[in-house]
Protein chains: 2
Amino acid sequence: MAGSQGDKYYDVFLRYRLWLSTKDGIGILGEGRLALLREIDKTGSLKAAADNLNISYRKAWGNIKHAEEMLGFILVEKQRGGKLGGKSQLTDEARNLLSAYDELKDDFELAIKDITRKFFKKINKT
Amino acid sequence: MAGSQGDKYYDVFLRYRLWLSTKDGIGILGEGRLALLREIDKTGSLKAAADNLNISYRKAWGNIKHAEEMLGFILVEKQRGGKLGGKSQLTDEARNLLSAYDELKDDFELAIKDITRKFFKKINKT
DNA sequence: ATCCGATATGCATCATTAAACATATTGCAA
DNA sequence: TTGCAATATGTTTAATGATGCATATCGGAT
């Protein structure tokens with residue numbers, strides 16, 4: 001929260017983004033793609049995951065593929081064909097990544113809380 | 001740093017961005033615009049600052065204006081005309097903001113260090 | 001009064017990214 | 001062996017944002 005009403009920065013907020021990238025700054029996985037992985041895990045289907053997150057299948061598929069190419073290993077075990085058309089499930093690596101990220105996020109939130117408070121306290125004093 | 005060579009995530013890095021935004025997610029000030037403010041402070045000129053940062057005057061001017069409109073107060077005291085064409089200098093609010101941001105950034109770096117180390121330690125174990 | 005260089009701003013264009021469209025492939029079950 | 005639904009992928013169009021271009025304004029110094 002920015003501060004108490006009346007503060008100069010009352011309706012200003014501090015935001016942050018975290019993501020994994022290559023050394024030269026190419027994005028690999030961010031919040032959006034991790035959410036996609038989580039949804040694949042939940043539904044067992046890339047298409048269902050894309051639908052649930054309101055993004056096109058084309059985009060979802062491309063995102064996963066790009067991340068896998070950057071990482072050099074597979075995040076989603078995909079099979080096609082069959083009565084149900086196919087299915088997808090996360091690899092162990094992907095699950096491990098998700099759980100590590102969740103922990104990271106929590107740690108982060110916790111750490112940023114005080115820092116943010118201190119920041120707004122300082123700028124609102126001007 | 002991602003970890004020791006041989007690790008699965010050896011050439012993967014965790015990045016972050018911090019910025020000020022409105023409640024509904026409209027960006028106000030990020031690293032780039034703060035750098036612009038710093039350069040204005042250093043040079044006393046919006047044009048010189050833009051040149052030094054290799055961005056167009058048009059863009060620099062628009063960025064400052066947008067930030068000021070979002071914040072509801074002035075960051076740069078601008079005057080035009082005169083032999084030298086004009087000049088610009090930061091308001092006290094802008095200076096305060098810059099110094100608070102520097103402190104925030106330092107705090108942030110410090111906090112993220114351990115968190116990042118822990119994250120890579122965990123995912124590299126898979 | 002005129003000149004100069006920076007501030008001020010609208011408008012066209014270009015580039016980068018995201019969304020949409022189209023089409024092929026796969027393999028189980030009926 | 002055919003139909004179906006999801007995976008797989010190229011192409012293309014739309015949208016967003018950055019860049020460049022043009023032009024006006026201002027006021028101290030000459």
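No experiment lies behind these values; they were computed from the predicted model shown. Order of the sequence lines sets the chain letters (A, B, ...), proteins ahead of strands, with each chain counted from 1.
- In this pair, B/Phe108 and A/Phe108 present their aromatic rings perpendicular. The plane angle is above 60°, beyond the 30 to 60° band.
- Contact annotation for B/Ser45: backbone-only contact, meaning every heavy-atom pair under 4.0 Å involves sugar-phosphate atoms and none involves a base.
- With rounding to whole Å, A/Lys87 atom NZ is found 22 Å from D/dC4 atom P.
- Comparing atom distances between the B/Lys78 side chain and each of D/dT9, C/dA18, C/dT7 picks out C/dT7 as nearest.
- At a threshold of 4.0 angstrom between heavy atoms, the contacts of B/Gly82 include nucleobase atoms, whether or not backbone atoms are also involved.
- In this model, the phosphate group of C/dA8 is approached by a side-chain N or O of B/Trp61 to a distance below 4.0 Å at OP1 or OP2.
- At the heavy-atom level, B/Gly81 lies under 4.0 Å from base atoms of the strands shown.
- A ring-centre distance under 6.0 Å is not found for B/Phe120 and B/Tyr10.
- In this structure, B/Leu84 atom CG and D/dG28 atom P are separated by 11 Å, rounded to whole Å.
- Atom CG of A/Leu53 is separated from atom C1' of C/dA19 by 16 Å (rounded to the nearest Å).
- Contact annotation: B/Lys83 does not reach the phosphate of D/dG27 (side-chain N/O to OP1 or OP2, under 4.0 Å).
- A donor-acceptor contact under 3.5 Å links the side chain of A/Arg80 to the base of D/dT7.
- Across the protein-nucleic acid pair, A/Tyr57 atom OH and C/dA19 atom C1' stand 16 Å apart, rounded to whole Å.
- A salt bridge between B/Glu68 and B/Lys78 is present, with a side-chain N of the basic residue lying under 4.0 Å from a carboxylate O of the acidic one.
- Judged by distance alone, with hydrogens and angles left aside, A/Arg58 brings a side-chain donor or acceptor within reach of the base of D/dG10, the pair sitting under 3.5 Å.
- Nearest-nucleotide positions on DNA chain C for A/Gly85 and B/Ser88 put B/Ser88 closer to the 5' end.
- Remark: side-chain polar atoms of B/Asp41 are not paired, donor with acceptor, to backbone N or O of B/Leu37 under 3.5 angstrom.
- Taking atom CG of A/Leu46 as the reference point, atom P of C/dT26 lies 18 Å away to the nearest angstrom.
- Because its NZ or CZ atom is both nearer than 6.0 Å to the ring centre of B/Phe73 and within 45° of the ring axis, A/Lys8 counts as a cation-pi partner of that residue.
- Rounded to whole Å, the distance from CD on B/Glu39 to P on C/dA6 is 15 Å.
- OP1 or OP2 of D/dT19 sits under 4.0 Å from a side-chain N or O of B/Lys59.
- A close approach under 4.0 Å does occur between a side-chain nitrogen or oxygen of A/Lys65 and OP1 or OP2 of D/dT9.
- The interatomic distance linking A/Gln79 (CD) with D/dA5 (C1') rounds to 14 Å, in whole Å.
- Distance NZ (A/Lys47) to C1' (D/dC4): 13 Å, rounded to an integer number of Å.
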